[in-house]
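Below: one structure, written as structure tokens.
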Number of protein chains: 2
Amino acid sequence: MKSPTHCADTGSDYDVLQWDTREDCEVRQILDRIADKWSLLVIALLDRGSLRFTELRREIDGVSQRMLTVTLRQLERDGLVERTVHAVVPPRVDYALTPLGRTLHETVRSLVAWTESHQREIAAARATYDARTG
Amino acid sequence: MKSPTHCADTGSDYDVLQWDTREDCEVRQILDRIADKWSLLVIALLDRGSLRFTELRREIDGVSQRMLTVTLRQLERDGLVERTVHAVVPPRVDYALTPLGRTLHETVRSLVAWTESHQREIAAARATYDARTG
DNA sequence: CGGTATCCGTTCTGATACTG
DNA sequence: CAGTATCAGAACGGATACCG
């Protein structure tokens, strides 16, 4: 049996604590998707309401058309984002969080909030480290 | 002025809500580091206590020596992980979360918890998507 | 044991061009 | 507007060899 699972049955002590670090574990794969550079930002932005492709692109500085498309497709595939195509000219496509996606938002929000509130400490730590190591 | 900042002063409506999507933003850089594939797992494991290099490597299935070293160095640089070298033969190096690292753990934990509790829904969404798109 | 240094394939990503 | 297709360069990541 090689298919990805939650694999909470490896016998390791740590699995008791619900963590799973196994490579073929589905949780780890999903984690990688969500904790993605662009995914995080897209989820963050969409929580305030649906946005069009171009609006997302404008808000997320530095994202290429290609990567935004790829990211949105992945999030759509995972059931986190809903894509709505309006049959008008010019085309209009709206992206919004699904109910499942909204349940994720709070967690994502807290991760970003942590980063915002601790960025000074991290910057200081980096400066110290860099000075120490040359 | 091109140095990374929190950049909460761009004038965009979204900045009012504290989100920052600008490429040169320090928050985004830190976010990328933390939301890293291996970093997440290391932080998770270390919350239960300090571990040696080899112990971490054994716990995290699939991580190469190189990537574990790189990850640990980054976390150390960011002040999230503390590295303790014991002057013994054979060498012994312990890794532990710093107080700052521990403040992050709860957030990381909730992210993994979300993934664990919603993996079935995501798997189902993927199956639906894949079936629909062929 | 706990690394560092190097090589090298793969994957990611952005730029560009084109389309309904 | 909202993509798709293609391509080349950069970054990532693993395998291997070697060291204090």
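Below, read A as the first sequence line, B as the second, and so on, with proteins coming before strands; counting in each chain starts at 1.
- Protein atom CG of B:L56 is 14 Å distant from nucleotide atom P of C:dC1, rounded to whole Å.
- Protein atom CZ of B:R52 is 10 Å distant from nucleotide atom P of C:dG3, rounded to whole Å.
- Between B:M67 atom CE and C:dT11 atom P there is a gap of 15 Å when expressed in whole angstrom units.
- When the side-chain nitrogen and oxygen atoms of A:T69 are compared with OP1 and OP2 of D:dG3, none of them lie within a distance under 4.0 Å.
- Following rounding to the nearest Å, B:L68 (CG) and D:dG14 (C1') show an atom-to-atom distance of 14 Å.
- By the 6.0 Å contact criterion, CZ on A:R83 is enclosed, its count of non-hydrogen atoms from other residues, nucleotides or ligands being greater than 12.
- With rounding to whole Å, A:D94 atom CG is found 15 Å from D:dG3 atom C1'.
- Atom P of nucleotide C:dT13 and atom CZ of A:R57 are separated by 15 Å, given to the nearest angstrom.
- Not one N or O on the side chain of A:R92 forms a donor-acceptor pair closer than 3.5 Å with the backbone of A:R52.
- Crowding of A:E55 atom CD: a count of heavy atoms from other residues, nucleotides or ligands under 6.0 Å exceeding 12.
- Put simply, B:W114 and A:L75 are part of the same group of oily side chains (I, L, V, M, F, W, Y) that touch within less than 4.5 Å, one to the next.
- At D:dG3, one or more side-chain N or O atoms of A:Y95 fall inside 4.0 Å of OP1 or OP2 (strictly under the cut-off).
- Contacts between residues 72-88 of chain B and DNA chain D, counted as heavy-atom distances below 4.0 Å, involve no residue at all.
- Mapping A:E55 and B:S64 onto DNA chain D via the closest heavy atom, the residue that lands nearer the 5' end is A:E55.
- At the phosphate of D:dA2, neither OP1 nor OP2 sits under 4.0 Å from any side-chain N or O atom of A:R92.
- Summarising the geometry, the separation between CD on B:Q65 and P on C:dC1 is reported as 11 Å, rounded to the nearest angstrom.
- Phosphate contact (OP1/OP2 of C:dA15, side-chain N/O of A:R66, threshold under 4.0 Å): absent.
- Two residues, A:V93 and A:E23, neighbour DNA chain D, and the one matched to the more 5' nucleotide by heavy-atom proximity is A:V93.
- Using a 4.0 Å heavy-atom cutoff across all strands shown, B:P90 reaches sugar-phosphate atoms only and no base atom.
- For A:R120, the CZ atom counts as loosely surrounded, since its 6.0 Å shell holds 12 or fewer non-hydrogen atoms of other residues, nucleotides or ligands.
- Side-chain atoms of A:T115 come within 3.5 Å of backbone N or O of A:L111 as a donor-acceptor pair.
- Distance B:I60 CD1 to D:dG13 C1': 15 Å, rounded to the nearest Å.
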When you look at B:I60 and A:R28, which way does the side chain to side chain contact (heavy atoms under 4.5 Å, CB included) test go after all the steps? CA-CA 11 Å; B:I60 303 175; A:R28 241 178 75 175; 4.3 Å; yes
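- Side-chain proximity of A:F53 to the nucleotides D:dC1, C:dG14, D:dG3 is greatest for D:dG3.
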